[in-house]
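This report refers to the structure that appears directly beneath it.
Worth saying up front: this structure is predicted, and the values here are computed from it rather than measured. Proteins come first, then strands; the chains are lettered A, B, ... in the order of their sequence lines, and each starts at number 1.
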Number of protein chains: 2
Amino acid sequence: MLVQKSVKKNVKGSVRQANYGKIIKAAVTVFATKGYQGATVQEVAEKAGLPKANVLYYFKSKQGIYEAVLSDILSLWNSSFDHATAQDDPAVALSRYIREKLEISRTYPEASKIFAMEMIKGAEQLSDEIKAGMVSWFQSRIAIIQQWIQDGKMANVDPAMLMFQIWATTQHYADFSAQISILKDGKMLNKKGFQDVGDYLCRSILSSCGLKVPE
Amino acid sequence: MLVQKSVKKNVKGSVRQANYGKIIKAAVTVFATKGYQGATVQEVAEKAGLPKANVLYYFKSKQGIYEAVLSDILSLWNSSFDHATAQDDPAVALSRYIREKLEISRTYPEASKIFAMEMIKGAEQLSDEIKAGMVSWFQSRIAIIQQWIQDGKMANVDPAMLMFQIWATTQHYADFSAQISILKDGKMLNKKGFQDVGDYLCRSILSSCGLKVPE
DNA sequence: CAATATATTGACCAAACGGTCAAGTTTTGC
DNA sequence: GCAAAACTTGACCGTTTGGTCAATATATTG
């Protein structure tokens, strides 16, 4: 995941940062494959190469680890669509967003899975701040799409449904990779496979917005 | 869920059937909100109004309850699309399938959630028979869509991607209902809301197949 | 170098969990 | 009406888990 990439030695707090990173990385894998309740601190510790008591020295509780993982994940959700404006070309902005979301599904499928499970279970562990942030992000994006429609730049589609459609179709390739693998003869989708999916989704979604996929 | 709807009294095995039904119904709710590992036999028992030992008399183990729930859920997946043929009109068959899948998301969101979690975790608890059944169903449906394309009845889209698109977009409204509720001011989608989603998805998906939504 | 903060770790504990069992009660089949 | 089968249930048990703690080691700093 993100966390800290290369941690220099002998820098103030470097031990802490290095262990934080190791623990979060291990925790992401464990939570994604076992779920919150199925994950054990012991397994996170083993994957991180630390004794369990040491993990709980950095994160006071399993809940604490999970919250750190969630906030780490949310930083992945950032995209170029965050800064789209009513002046932009919707075809460019939307197709780029679709491809970015799909790329995250390909590169960080575990993050997508943890987020999906959190939503399926009712998002009870998601803090109110995070929820509020999601709402304001969503409303501002909706407003821009609505402006595009008013300006005659795209067809009159429900902006919320359009967003849900993009999320559903792109995240599906991370969350349901096991199903896709079963149906595709046990083979996981490779980079070219994702490229084809991106082409398909851009063509499909943009065309239903009355847009053409840009070069 | 399905199980047994009204169980007549004093019918051979009626006690067993009634309790089976109570337990499965309770288990579906618990598994959907807690996941497999988060669910406890105790909680299933309480929701079913039975002592824990009695639940384990009918289902030998927690695993046994879960398998029964999974197979109960899979019967919901049946749809009119199972019997579609190359002679059918793709516009009719596909739009009907989309609406049926969406109706299941609306009516049995818990079933969709359990299935989604099973896939996210890697489908390790899904039996090989069930997987084989999924594969053969999928391949036969792919073949029909391919025939439609060859017959010039619809545009040349990747049939597998089309299926994934339909599943992703329709199941999203069950699995991510918590997120949708957060973003929609805390309100759950009502029946009319689902109707609108169905209209939107049919128009979008069919149009990218070069089809028009039938009346 | 001394003293103070930070980090490491094995041992331990209470709670919760899945599952068993034996002792009863009720229902069924003849 | 009675024996056998099916059902019910409280009590119990071994295991696992999240979390604590005290003892020790290692860094940091003035």
Side-chain angles (χ1 to χ4, degrees), chain A residues 3-4 7-70 114 121 124-125, chain B residues 3-4 7-70 114 121 124-125:
Chain A
V3 198
Q4 287 296 329
V7 180
K8 293 170 211 149
K9 280 178 196 168
N10 301 328
V11 168
K12 195 179 178 181
S14 69
V15 178
R16 189 169 206 93
Q17 287 191 357
N19 283 345
Y20 254 82
K22 279 196 279 188
I23 294 167
I24 295 275
K25 188 176 173 182
V28 165
T29 301
V30 176
F31 281 126
T33 50
K34 304 288 177 72
Y36 177 76
Q37 314 253 12
T40 67
V41 179
Q42 180 63 44
E43 194 178 344
V44 172
E46 280 166 15
K47 271 217 162 61
L50 298 169
K52 187 182 72 161
N54 202 1
V55 170
L56 287 166
Y57 166 74
Y58 286 105
F59 298 89
K60 272 155 298 195
S61 64
K62 179 181 176 180
Q63 179 72 26
I65 303 174
Y66 185 67
E67 282 166 14
V69 164
L70 268 190
I114 292 171
K121 289 192 198 168
E124 283 167 6
Q125 310 219 48
Chain B
V3 197
Q4 287 297 328
V7 180
K8 294 172 211 148
K9 280 177 195 166
N10 301 327
V11 168
K12 194 179 177 180
S14 69
V15 177
R16 190 171 204 93
Q17 287 191 358
N19 283 345
Y20 253 82
K22 279 195 280 188
I23 294 167
I24 295 276
K25 188 177 173 182
V28 165
T29 301
V30 176
F31 281 127
T33 49
K34 304 288 177 73
Y36 177 77
Q37 315 253 11
T40 68
V41 179
Q42 181 63 44
E43 195 178 343
V44 172
E46 280 166 15
K47 272 218 162 60
L50 297 168
K52 187 181 72 162
N54 202 2
V55 169
L56 287 167
Y57 166 74
Y58 285 106
F59 298 89
K60 271 155 297 193
S61 64
K62 180 181 175 180
Q63 179 72 28
I65 304 173
Y66 185 68
E67 283 167 11
V69 164
L70 269 190
I114 292 171
K121 289 193 196 168
E124 284 166 6
Q125 310 220 49

Who pairs with B:Y66 by ring pair (Phe, Tyr, Trp, His ring centres under 6.0 Å), at least two apart in sequence or on another chain? B:F31, B:Y36
Could you note down all residue pairs passing side chain to side chain donor-acceptor pair (under 3.5 Å) where residues 48-62 of chain B supplies at least one of them, sequence neighbours left out? B:N19-B:Y58
Using a cut-off of less than 4.0 Å, is there contact between a side-chain N or O of B:N19 and OP1 or OP2 of D:dA6? no
Kindly calculate the angle separating the two end axes of the helix from C:dC1-D:dG30 to C:dC30-D:dG1, each obtained from five base pairs, and round it to 10 degrees. 20°
Using the 3.5 Å cut-off, write out each protein N or O paired with an N or O of nucleotides 21-26 of chain D and the distance between them.
none

In terms of heavy-atom contacts, B:L70 and B:Q125 come closest through CD1-O, 4.1 Å
Can you list every ring pair (Phe, Tyr, Trp, His ring centres under 6.0 Å) pair that touches residues 37-56 of chain A, not counting sequence neighbours? none
Distance test, side-chain N/O of A:Y57 to OP1/OP2 of C:dT8, below 4.0 Å: no
Rounding to an integer number of Å, can you tell me how far A:E46 CD sits from C:dT9 P? 14 Å
Could you tell me which residues satisfy side-chain hydrogen bond (donor to acceptor under 3.5 Å, both in side chains) with A:T40, sequence neighbours excluded, listed by chain and number? none
Where do A:A27 and A:I65 come nearest, in terms of heavy atoms and distance? CB-CG2, 3.6 Å
Rounded to whole Å, CZ of B:F59 lies from C1' of C:dG18 at a distance of 16 Å
Nearest heavy atoms of B:A26 and B:A48, plus distance in Å: CB-N, 3.7 Å
side-chain contact (heavy atoms from CB on, under 4.5 Å) between A:F59 and A:V69, worked out: CA-CA 11 Å; A:F59 298 89; A:V69 164; over 6 Å; no
Which nucleotide in the list D:dT8, C:dT8, D:dT9 gets nearest to the side chain of A:Y58? C:dT8
Between CG of B:N54 and P of C:dA23 the distance, given in whole Å, is 19 Å
Rounded distance (nearest 0.5 Å) linking atom CG of A:L56 with atom CD1 of A:I23: 8.5 Å
Please name all residues satisfying side-chain hydrogen bond (donor to acceptor under 3.5 Å, both in side chains) with A:T29, sequence neighbours left out, ordered by chain then number. A:E110
Nearest-Å distance, CD (B:Q17) to P (C:dT28)? 13 Å
According to side-chain hydrogen bond (donor to acceptor under 3.5 Å, both in side chains), who are the partners of A:K34, at least two apart in sequence or on a separate chain? A:E43
Per-nt protein contacts along nucleotides 14-19 of chain D (heavy atom under 4.0 Å; B base, S backbone sugar-phosphate only, - none) come out as ---SBB
